[in-house]
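Here's the structure, in structure tokens; my notes come after.
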Amino acid sequence: MNMMEIEKKWQNYWDEHQTFRAINNDNTKKPYYILVEFPYPSGAGLHVGHVRSYTAHDAMARMKRMQGYNVLFPMGWDAFGAPAEQYAIKNHIHPKEAVKENIHNFKRQMKTLGFSFDWSREFSTADPEYYKWTQWQFLQFYKHGMAYKATVPVNWCPNCKSVLSNEDAAGGVCERCGTQVVQKEKDQWMLKMASYAEDLLKGLDDTHFADRVKLGQINWIGKSTGAEVDFKVDGHDESFTVFTTRPDTLFGVTYCVLAPEHPLVLKITTDEYKEDVIEYTKKCSLKNEMERTELNKEKTGVFTGAYAINPVNNEKIPIYISDYVLVSYGTGAIMAVPAHDERDFEFAKKFNIPIIQVLAPSTDLSTLEPLTKAMEGDGVHINSSFLDGLNKEEGIKKILSFLEEHHIGKAKVNYKMRDWIFSRQRFWGEPIPMIYCEHCGWVPMDEKDLPLLLPDVTEYEPTDNGESPLAKITDWVNTTCPKCGAKAKRETDTMPNWAGSSWYFLRFMDAHNEKEFANMDIMKYWGKVNWYNGGMEHTARHLLYARFWVQFLYNIGLVPNKEMIDIRVSHGMILGSNNEKMSKSKGNVINPDDVVKEYGADTLRVYEMFMGDYQQDVSWSTESLRGCNRFVNRVIKIGEKLNDKEGYQNPSSIHKTIKKVSDDLVTLKFNTAVSALMILLNEMEKYPDGITKDEYRVFLTLLNPIAPHITEELNEQYSLGKPLCESAWPIYDENLIKDTEKTIGIQVNGKLRGEVVVCEDDTTDTVKEKVEKIENMQKYLQDKEIVKFIYVPNKIVSIIVK
RNA sequence: GCCCGAGUGGCGGAAUAGGUAGACGCACAGGACUUAAAAUCCUGCGGGUGUAAUAGCCCGUGCCGGUUCAAGUCCGGCCUCGGGCACCA
């Protein structure tokens, strides 16, 4: 058999018959939306890891279609991104040309693997017809006060004169030229994502994401409950606010710390310390975020000469500045309780600041020993005036009401998640449809003028001052103000890579709508994405961005649900045969094209489903792949043993397999689905009179979602019925699955000593009789007293003897 | 440091709610077919002990303890590996 030809033949058949085309608003069928993350079309082509998740969900989609669902299983391209831009800079061709080629290659590979995507809905995020709506949605963010410009620090290479991503500035040096990277303030578009923190947290309850995915999101949002407390600066009118999760330790505060960027720093610093402070602040500004948060870094800082007043006891405490306090979290200032915070403890030790213990393991103060490290957990309050004797929870409650009563603080919730920096100084992204006018300020483009197209040019290098390459294209930049008609300039930043992927699943529902990003009725019809599969590396960022985007659209009435994704799952990685991540440099990369050429697409598909637990990492094994190839060949070979009988020779095995495969394909247990089919094949091969057409047909149907080409071919070759992709999925009969007889184990005093055949409705007494008759059991039962006889129906017999 | 995930034969992995651990596959060994090899088919395959063989017995799911008639599975305490976050107050 020529696999290449057979596969091509059926791939053409599916194309010609539009077998996998999903119909919008088809009310004769239940909708079912299965989504796999669309890839970034890199030059490297499809990875075997893509094949794993695509095959898995393809199998699901194919079964669901046969079960009568209207299945939406789309594919597209996340086409904006840095690699295409780098390539363009080097070769002076427009990135869209390189992307076009890569897409062509990806699509070819996907076709050879037989994925049942509805190609009629294909699009790329870099298509103007698509990014028109990404821009349009940005305008909605802007119009609803959710987008704003802010000055934020970025990594800046003074040599290359360009803004670097954190990845390109790893270790604090520019990846390209090795120059020390500095922090530079830059105006960026921001989306007010932090204001959605609580909703994004709560919304998780309306989803069925895998636990590890939910946890990833929860951690990223980083909710922490505590209080804000106001501290007056001694001898000044100024005061500052700190955030703490432990207001109950206020009596243990021995100093305060402001972030070096805190606005109050220079105002309160005394002349004596001014020089030190300025120097320290300067030093910090040279470090990027990576360096500042470096592992196990020793604490640094300087005293400002100023003192704060602890509002609960009026103690004078020194104010330091240190970069262990981040300006971007909380209030950028902390109260330090060295006795009960590890970082404060370390700092206090280094700067010889007193440490006051306000929590003890017990109330017995005579046993109190000096702390060798901070005591961070619960305990009993001491040295804390009206909090003495209370535990952590009680203490927090009491101090909160005290703070609120005296107007010196209040309960406060903080989130780690920040607003979304939505600007990139890059060429290859969606242009931000904003115009700057000297008179009117920032003015949104008129919606009817969208899309704002990326210009066709030949130079993509960044400009000298770190502006996007678009800034050099003066024809494009210079425009008129939509409001007053005066000369104005376009925004030259583009959107981040995550923009287009934040709503593509909505577009798939209604991919070619020219009037709106997607029609409401159509979105209502499809409802939520039933299954969304993607890599674990996207659980924090992509998935949160997408959920934020959807929640916003929901709040302004443009999508039917606040959460549009129901189940999110993540496949495990496929590692090289040496157990390491596949990479060119390690030489352990497997190219799906080669495997398809040598063994056929079906073998690759079966192997990737069989190789292990879908959600777990596995390493590649060509031997194991060959084993799956043997299985496929045996499926072909058993066709020669077709007899002219009808029905099932062993209905129980067939129905059990139907149940097993049907269940496993929607619970991600693809490996045991394949194994069940192997077991059935092993059994059928042993039938003395060959197999019936009915048996072959049902077997091929069950295998079809995983190995769609060869099963269709065999089905046709032996005239077993109409094409499987147009046939119904078999239904099992519960009655035929039940075993009337079963062999179960017999335990005596907890040890397995024999086995017995029981019938389904045997009573304990009948089983006991049976067991007592078994010869081999005599030596365990004779001359012994049976203390207890346990029979767990159809499971086990357990006897206790004395 | 914190948060996940995982530790089961030579290997990838099975084991619905605690109920005969090792399904299925790979590798390996022996045999059949072949002039020979490959392919294919058959048999065996956790360790130990034991038997002419069958049987029998002991140990065994990272380690230590516990609950239970019964623990890979539940509980407590560790260890190792993989991944993510990382001075978030």
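Worth saying up front: this structure is predicted, and the values here are computed from it rather than measured. Sequence lines set the chain letters: A, B, ... in the order given, protein chains first and strands last, and positions in each chain run from 1.
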Which protein N or O atoms sit under 3.5 Å from an N or O of nucleotides 5-8 of chain B?
{"unit_1": "B:G5", "atom_1": "O2'", "unit_2": "A:Gln616", "atom_2": "NE2", "d": "3.1"}

| request: Just name whichever nucleotide pairs with B:U40, Watson-Crick or G-U, keeping both distances under 3.5 Å, else none. | output: B:A32
| request: Can you label the angle between the A:Trp498 ring and the A:His542 ring as parallel, tilted or perpendicular, going by 30° and 60°? | output: parallel
| Rounded to whole angstroms, how far apart are CZ on A:Phe670 and P on B:G13? | 16 Å
| said: Taking B:G77 as the reference, what is the distance to B:G22 when you measure between their C1' atoms (whole Å, please)? | reply: 28 Å
| message | With a 4.0 Å cut-off on N to O distance, would you call A:Glu685 and A:Lys641 a salt bridge? | response | no
| task | Salt-bridge test for A:Arg568 and A:Glu37: reply yes if a basic N is under 4.0 Å from a carboxylate O, no otherwise. | result | yes
| message | Return a single string for nucleotides 22-34 of chain B, one symbol per nucleotide in 5' to 3' order, where B is base contact, S is sugar-phosphate-only contact and - is none, cutoff 4.0 angstrom on heavy atoms. | response | -BBSSS-------
| message | Is A:Tyr329 close enough to B:A89 that one of its side-chain N or O atoms is under 4.0 Å from OP1 or OP2 there? | response | yes
| message | Testing the 3.5 Å rule here: is there a donor-acceptor pair between the side chains of A:Asp230 and A:Thr241? | response | yes
| message | Could you tell me the Watson-Crick or G-U partner of B:G5, where both distances fall under 3.5 Å? Say none if there is no partner. | response | B:C81
| note | When both distances are under 3.5 Å in a Watson-Crick or G-U wobble arrangement, the nucleotide paired with B:G60 is none
| Rounded interatomic separation in angstrom, taking CG from A:Asp617 and P from B:C11 | 18 Å
| d(CD, A:Gln615; P, B:G83) in whole Å | 19 Å
| query | If we take the C1' atom in both B:C41 and B:C33, what is their distance in whole Å? | reply | 8 Å
| remark: Base orientation of B:G5, chi within 90° of 0 counted as syn, else anti, reads anti
| message | Please determine whether a side-chain nitrogen of the Lys or Arg among A:Lys350 and A:Glu298 lies less than 4.0 Å from a carboxylate oxygen of the Asp or Glu. | response | yes
| If the C1' atom of B:A39 is compared with that of B:G56, how far apart are they to the nearest Å? | 42 Å
| field | Pairwise 5' ranking along RNA chain B for A:Asn414 and A:Ile796, keeping only the more 5' one | value | A:Ile796
| field | Whole-angstrom distance between B:A23 and B:G18, as gauged at atom P | value | 23 Å
| query | For A:Ser619, which contact category applies under a 4.0 Å heavy-atom criterion: base, sugar-phosphate, or nothing? | reply | nothing
| said: To the closest 0.5 Å, what do you measure between CD (A:Gln217) and CG (A:Leu544)? | reply: 4.0 Å
| request: Would you mind classifying the nucleic acid contact of A:Asp613 as base, sugar-phosphate or nothing, using non-hydrogen atoms under 4.0 angstrom? | output: sugar-phosphate
| note | Smallest heavy-atom separation, A:Ile737 atom then A:Ser652 atom, equals O-OG, 4.5 Å
| task | Could you measure between the two P atoms, the one in B:A71 and the one in B:U61, and give it in whole Å? | result | 11 Å
| said: One thing to verify: whether A:Lys397 and A:Asp248 come together as a salt bridge, which I'm taking to mean a side-chain N less than 4.0 angstrom from a carboxylate O. | reply: no
| said: Side-chain N or O of A:Ser224 versus OP1/OP2 of B:A89: is the shortest distance under 4.0 Å? | reply: yes
| How far does the C1' atom of B:A36 sit from the matching atom of B:G13, given to the nearest Å? | 37 Å
| query | By a strict heavy-atom criterion of less than 4.0 Å, which residues belonging to residues 572-582 of chain A are in contact with RNA chain B? | reply | none
| said: Counting the atoms with a prime plus P, OP1 and OP2 as sugar-phosphate, which does A:Lys751 contact under 4.0 Å by heavy atoms, base, sugar-phosphate, or nothing? | reply: sugar-phosphate
| Ring centroid separation for A:Trp620 and A:Tyr607, is it under 6.0 angstrom? | yes
| said: Please classify the nucleic acid contact of A:Lys669 as base, sugar-phosphate, or nothing, using heavy-atom distances under 4.0 Å. | reply: sugar-phosphate
| query | What is the pairing partner of B:G12, taking Watson-Crick or G-U wobble pairs with both distances under 3.5 Å in any strand? | reply | B:C24
| Taking atom C1' of B:C87 as reference, at what distance in whole Å does atom CD of A:Glu342 sit? | 11 Å
| Strand partner of B:A86, provided both Watson-Crick or wobble distances fall under 3.5 Å | none
| said: Once you apply a heavy-atom cut-off of 4.0 Å, does A:Ile334 come out as touching a base, just sugar-phosphate, or nothing? | reply: base
| task | Identify the nucleotide, in any strand shown, that forms a Watson-Crick or G-U wobble pair with B:G19, with both distances under 3.5 Å; if there is none, say none. | result | B:C69
| query | Would you call the rings of A:Tyr324 and A:Phe347 parallel, tilted or perpendicular if under 30° counts as parallel and over 60° as perpendicular? | reply | tilted
| Greater than 12 external heavy atoms within 6.0 Å of A:His47's NE2 | yes
| field | Integer-rounded Å distance: B:C87 P and A:Tyr324 OH | value | 13 Å
| said: Which is more 5' along RNA chain B, the nucleotide nearest A:Asn219 or the one nearest A:Asp344? Just name the residue. | reply: A:Asn219
| Who does B:C45 pair with, Watson-Crick or G-U, both distances under 3.5 Å? | none
| Between A:Phe303 and A:Tyr320, how do the two ring planes meet: parallel, tilted or perpendicular, split at 30° and 60°? | tilted
| request: Under 4.0 Å between any heavy atoms, over every strand shown, what does A:Val792 touch: base, sugar-phosphate, or nothing? Just pick one. | output: base
| What's the CD1-P distance between A:Ile774 and B:A55, to the nearest Å? | 17 Å
| Candidates B:U20, B:C85, B:G19 - which lies nearest the side chain of A:Lys416 | B:C85
| field | Of the listed nucleotides B:A21, B:C87, B:C85, the one nearest the side chain of A:Trp220 | value | B:C85
| query | What are the two closest heavy atoms between A:Val618 and A:Gly612, and how far apart are they? | reply | CG1-CA, 4.4 Å
| said: On the nucleotide B:C58, are OP1 or OP2 found under 4.0 Å from the side-chain N or O atoms that A:Arg753 carries? | reply: yes
| So, A:Glu608 and A:Arg52, do they make that salt bridge, N to O below 4.0 Å? | no
| query | Would you say the side-chain atoms of A:Tyr791 and A:Ser798 include a donor-acceptor pair closer than 3.5 Å? | reply | no
| query | Over how many whole Å does the gap from A:Leu258 atom CG to B:A89 atom P extend? | reply | 18 Å
| Protein-nucleotide distance (A:Gln747, atom CD; B:G19, atom C1'), rounded to Å | 7 Å
| field | P atoms of B:C24 and B:C79, separation to the nearest Å | value | 38 Å
| query | Which value, in whole Å, describes the distance between the C1' atoms of nucleotides B:U20 and B:A15? | reply | 11 Å
